[in-house]
Amino acid sequence: MKTRKILLPEKELPRKWYNVQADLPTPLEPVLHPGTGQPVGPDDLAPLFPMPLIAQEVSQERFIDIPDEILEKYLIWRPTPLYRAYGLEKALDTPAKIYFKNEGVSPAGSHKPNTAIAQAYYNKISGIKRITTETGAGQWGSALAFSCALFGLECKVYMVKISYNQKPYRRMMMETWGANCVASPSTETNAGKKILSQNPDSPGSLGIAISEAIEAAVSDKTGQTRYSLGSVLNHVLMHQTVIGLECQKQMKIAGDYPDIVIGCAGGGSNFAGLALPFVRDKINGKKIDIIAVEPASCPTMTKGPFAYDFGDSVQMAPLAPMHTLGHTFVPAPIHAGGLRYHGMAPIVSQLILDGIVRPISIQQLETFKAGITFARAEGFISAPETNHAIAAAIREAVKAKEEGKKKVILFNWSGHGLVDMAAYEAYLSGKLKDHALPEAEIQRALKDIEPLPKPRQYRAGAF
Ligand SMILES: *Cc1c(COP(=O)(O)O)cnc(C)c1O
């Protein structure tokens, strides 16, 4: 019998995360203080994050030890299986070999606990009692709620209002794990009140929810509350490299090495988690096509400028050098809620500038079609975000057939879609549609970042 899933024994769980900052051909430009425009130092970030995470954010060490307490929790679901997608290969009649890394087996159903567990741990050992965060469709909020439960921390989640109302199940998961979840914009913070005074019917956005969560953390007088972000930041991407490091061992067992590595990208964390160890190989001379996939309706990497921008809507978060559509950009309400962020991780942005990562965008209908093909061939029902990676893998597999090439394709199956069935229902009943490029909205939002400082490598958007 042919091996279908490549499993690693528990003792093969990676003991270190990989920090790509040690190998970047162009070092990252500094993150700037939102008020002064000067590079931020540890003291500026201390009200937001515990010191060990601040140290990781700027570390230049190539490998960083994963503490035993984190490894113990990772073992609940890690190492995750790497699958050879024989069913999909057959359905596409492709000579390509397709592999996918199944990050959907975590308790929260996605890759997000890889960093949530780590962040909860470092807050815990720093004497923090409570963590605040934002969530879009609820994937990140549920991952952090799960992780806080394991470490005995309080968890407060500001959930984008439209999802809070339309997608109750992830809220229920958060509450099951003991978190407190409110709809954002809320009346609990000044940021929320400000938005509501301008627009009482605001459906909310990730940027607004981030502002609320940051305010709730820094305004807590006890000093025992910190904020947590589920993507974008350097330390988050580093925690996720456990995916790619496992995968490199598994590919070796399979006797293959990928020609093409693919991940969907919202803030960039699951893509980077799989890709960064392969980025290291590419920097060292390997030939790999490393593809980050975003929705055509939120084309941060493929259309947005590389500029300084705020991470949130109300300009409380630091200015990061990244591909961005502007912090006031509001994308169409596509079902891949986790891919509707205006910015992109600085590390992923820099790798795009350096020609190491190739960004592409795909329309919503193609992604759901791919998700259905995958479900019928492989069984697993994917998160709408993950469908973007599947659609790109299918494009590459079809191309390999046309060219008669035996390519090895590897993608990150970032999460399952079992809490997203309403989106599948909309697709199957023909109600889902593609969204035209929101050019006017992008131009409007980009005006708002024009006055901000420009990074050294500033690049205008591709319009
Ligand atoms: C949140 C999420 C994403 C997008 O976030 P990244 O930080 O870009 O990884 C992708 N897939 C799933 C399943 C998610 O939950």
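All heavy atoms count here, side chains included; hydrogens, waters and symmetry mates do not. First listed ligand is number 1; within each ligand, the first listed atom is number 1.
In this structure, the side chain of Glu10 does not engage the main chain of Pro79 through any donor-acceptor pair within 3.5 Å. The main-chain N or O of Lys112 is never found under 3.5 Å from a side-chain atom of Thr115 such that the two would form a donor-acceptor pair. A distance-only check finds a donor-acceptor pair linking the side chain of Ser349 to the backbone of His323 [under 3.5 Å]. Side chain of Thr135 to backbone of Gly141: a donor-acceptor contact under 3.5 angstrom is found.
A salt bridge links Glu246 with Arg78: at least one charged nitrogen is closer than 4.0 Å to a carboxylate oxygen. Glu69 has no carboxylate O lying under 4.0 Å from a charged side-chain N of Lys124, or vice versa, which leaves the two without a salt bridge.
Cation-pi geometry between Lys156 and Tyr158 is satisfied (NZ or CZ under 6.0 Å from the ring centre, within 45° of the ring normal).
Only the side chain of Ala383 comes within 4.0 Å of ligand 1, judged by heavy-atom distances. At a 4.0 Å heavy-atom cut-off, ligand 1 touches Leu339 through the side chain alone.
Screening Leu446, Ile442, Asp309 for a side-chain contact (heavy atoms from CB on, under 4.5 Å) with Phe329, the sole residue that qualifies is Ile442.
Interface atoms of ligand 1 facing Gly338, defined by a heavy-atom separation under 4.0 Å, are 4 (C), 5 (O). In the vicinity of Gly268, heavy-atom distances shorter than 4.0 Å reach the ligand 1 atoms 6 (P), 7 (O), 8 (O). Of all atoms in ligand 1, numbered sequentially from 1 with element shown, those under 4.0 Å from a heavy atom of Thr386 are 13 (C). For ligand 1, the atoms sitting less than 4.0 Å from at least one non-hydrogen atom of Ala265 are 8 (O), numbered in the order shown with element in parentheses. Interface atoms of ligand 1 facing Gln139, defined by a heavy-atom separation under 4.0 Å, are 13 (C), 15 (O). Every atom of ligand 1 with a heavy atom of Cys264 under 4.0 Å away is listed here by number and element: 10 (C), 11 (N).
Summary of contacts: the protein heavy atom closest to atom 7 (O) of ligand 1 is Ser231 OG, 2.5 Å. Looking only at heavy atoms of the protein, atom 12 (C) of ligand 1 is closest to Ser414 OG, 3.4 Å.
For a threshold of 3.5 Å applied to N or O pairs, the pair formed by Gly230 and ligand 1 contains no separation below that value. Of the polar atoms of Gly266, at least one N or O is found under 3.5 Å from an N or O of ligand 1, judged by distance alone. Below 3.5 Å of separation, one finds no N or O of Gly415 facing any N or O of ligand 1.
Evaluated by nearest non-hydrogen atom to atom 3 (C) of ligand 1, the leading choice among Lys112, Glu103, His388 is Lys112.
Annotation for Glu425: atom CD does not count as buried by contact number, only 12 or fewer foreign heavy atoms lying within 6.0 Å.
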